[in-house]
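Below is one structure, written out as structure tokens; comments come after it.
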Amino acid sequence: MEGLPASTFAGRRAATLAVLGSGVMVLPAAPVRMRSRDTEHNYRPDSELFYLTGATEPGTVAVLMGGSEPRFVLFVHERDPDAELWTGRRLGPEESTVRFGADEAYPLSELESRLPTLLGEGDRVHFRLGRKDEVEDMVLAALARARARGGRRGTGPRALVDPGEILDDMRLRKDDAEVERLRRAAAVTVAGHEEGLRAVRPGAGEWAVQAAIEAAFLQNGATGPGYGTIVGSGPNACVLHYVDNRRMIEEGDLVLIDAGAEVALYNGDITRTLPASGRFDDAQRSVYDVVERARAAAMAAVRPGATIGAVHDSAVAVLVEGLVALGVLEGDVGDLVASEAYKPYYPHQTSHWLGLDVHDPADYAWGGASRMLEAGMVFTIEPGLYFRPGIGGRAERLEGIGVRVEDDVLVTASGCESLTAAFPTAIDEIEALVGGRG
Ligand code: GLY
Ligand code: MN
Ligand code: MN
């Protein structure tokens, strides 16, 4: 349960039940994915299942029953010495009941036979479609059966709803234990970037920088990177999710490093763009300066009551002014913002929620109204400018330059706290760090 007390998960389940009404929520574990033939990807537990139960074992299915007699039912793999020889200790139903505070726990093999009765008791089933696996087949079959028979105690289920309808907003507002984990993830991510910086130099492989970062992540208590580490040198900095990391860094390159540690299932997410030779050239400096000012402007817009859209707009205003000053765009800044003329150079959003998932769920806007920020929300601020080779037009002289700067911020009662400020972003500090690396 990643060091969290059972009461934390019980509290989250109680909050869920308070809005679940007579619904039933079914949360399966993440599937085990094959990497190649019979070799598995490293297992990553499902964020929603963990958030409500603390369970991390593959094969687990949690069923949360609303109604007048709320119940928390677990299905887990049975103990199996042969399987445990290969993949390690399983808890089994009895131990799971105690560990996770379940009202009942059954072997996974009983899921199919028990689901129709469990789902038949609710009026709505909260389950995410799209898994296209056995659990989804069982839920849909159980739902069809419960509908066909009609409800014996009420109406029976009539609606299938995404669990995110309830859980996304709960997860958006981080509790103290989550903030503490996000602080740790941010600190370990900074430690990784510090080691990465030491490995950046002309003649080093992008892979060597990746290796230095990920070694530091592991040495500082992370389970590993939360997403594929990006080390994009030269023109690779313009590929937003470049993860090949197979190019040799050259003299005069910028190196865009986007890497984040996963600590106790929570994520850090930092990007820094470093001059390989220790100094930005004039063109690189002019682009970096715009992006860094956009980052500062976006951060200054963060406070309770502001919107996530206003954070993005603050960054875009600085980026567009900068694109005009760089001679890439021409015209009135307001018009250029409205027409999204900046999109070829800034194609992504400025922020995403951060938590158990690197891109945590929760809506950013409804019907054109942007989400209002509240203390306890955590998200990234990551403006960038990318002039990919061949983009042409008025950006020709900047082709091959890609810059992104990304920090993780916590909304506080009075404003904003950067969780990742320990790794500087200012040009002179970046140059001093790269120039002074050992
Ligand atoms: N590394 C993915 C992101 O920054 O969103
Ligand atoms: Mn990010
Ligand atoms: Mn990132």
Side-chain angles (χ1 to χ4, degrees), residues 44 47 171-172 174 181-183 185-197 200 206 209-210 213-214 216-217 222-233 236-245 254-263 265-274 288 291-292 294-296 298-299 302 308-309 311-312 314-316 319 345-364 371 373 377-386 402-411 416 418-425 430:
R44 174 33 163 91
S47 296
R171 289 176 54 192
L172 180 55
K174 269 66 181 176
R181 279 158 176 73
L182 283 160
R183 281 187 200 286
V188 175
T189 299
V190 166
H193 277 258
E194 286 169 349
E195 286 307 312
L197 176 139
V200 168
E206 293 170 343
V209 179
Q210 176 190 352
I213 292 167
E214 293 182 5
F217 284 174
T223 39
Y227 55 89
T229 298
I230 295 167
V231 182
S233 64
N236 292 337
C238 299
V239 181
L240 299 179
H241 280 178
Y242 173 80
V243 289
D244 287 351
N245 303 343
L254 288 183
V255 185
L256 186 154
I257 302 173
D258 184 347
E262 182 190 71
V263 177
L265 295 179
Y266 284 82
N267 291 280
D269 185 3
I270 294 181
T271 306
R272 292 292 184 266
T273 306
L274 311 174
Y288 189 97
V291 174
E292 166 59 2
R295 181 204 61 75
M299 204 166 280
V302 177
I308 191 73
V311 175
H312 178 62
S314 302
V316 167
L319 293 176
Y345 318 103
Y346 186 44
H348 59 78
Q349 289 291 310
T350 303
S351 300
H352 56 79
W353 313 123
L354 184 68
L356 281 168
D357 291 310
V358 178
H359 299 163
D360 238 17
D363 294 332
Y364 292 85
R371 160 91 62 180
L373 299 177
M377 293 181 181
V378 176
F379 56 92
T380 66
I381 290 182
E382 50 180 308
L385 285 176
Y386 314 92
V403 174
R404 180 164 64 251
V405 180
E406 177 175 27
D407 278 322
D408 305 338
V409 301
L410 165 70
V411 185
C416 163
S418 172
L419 304 179
T420 48
F423 199 117
T425 55
I430 292 282

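Order of appearance sets the numbers: ligands from 1, and atoms from 1 within every ligand.
Not one N or O of His241 is nearer than 3.5 Å to an N or O of ligand 1, by distance alone.
Distances below 4.0 Å separate heavy atoms of Glu406 from the following atoms of ligand 1: 4 (O).
For the residue pair Asn267 / Tyr227, no side-chain donor-acceptor distance below 3.5 Å is found, with atom types taken as modelled. Judged by distance alone, the side chains of Glu206 and Gln210 never bring a donor and an acceptor atom under 3.5 Å apart.
For Asp269, every heavy-atom contact with ligand 1 shorter than 4.0 Å involves the side chain, none the backbone.
Residues Leu172 and Arg371 meet the side-chain proximity criterion, which asks for heavy atoms closer than 4.5 Å. When side chains are defined from C-beta on, Arg295 does not count as touching Thr350, because their heavy atoms never get closer than 4.5 Å.
When distances to the Mn ion (ligand 3) are checked against a cut-off of 2.8 Å, Glu406 contributes an N, O or S atom below that limit. The distance from the Mn ion (ligand 2) to the nearest N/O/S atom of His352 is under 2.8 Å.
Looking only at N/O/S atoms, Glu382 comes nearest to the Mn ion (ligand 2) through OE2. Sorting the N, O or S atoms of Asp258 by how far they are from the Mn ion (ligand 3) puts OD1 first. Note on Asp269: its N/O/S atom closest to the Mn ion (ligand 3) is OD1.
Asp357 and Ser47 make their closest contact through OD1-OG, 2.9 Å (heavy atoms, listed as atom of the first residue, atom of the second, distance). In this structure, His312 and His348 approach most closely via the heavy-atom pair CE1-O, 4.0 Å.
Residues Asp408 and Arg183 are not paired through a salt bridge, judged by the lack of any N-O separation under 4.0 Å between the basic side chain and the carboxylate.
His359 NE2, 2.7 Å is the protein heavy atom nearest to atom 5 (O) of ligand 1.
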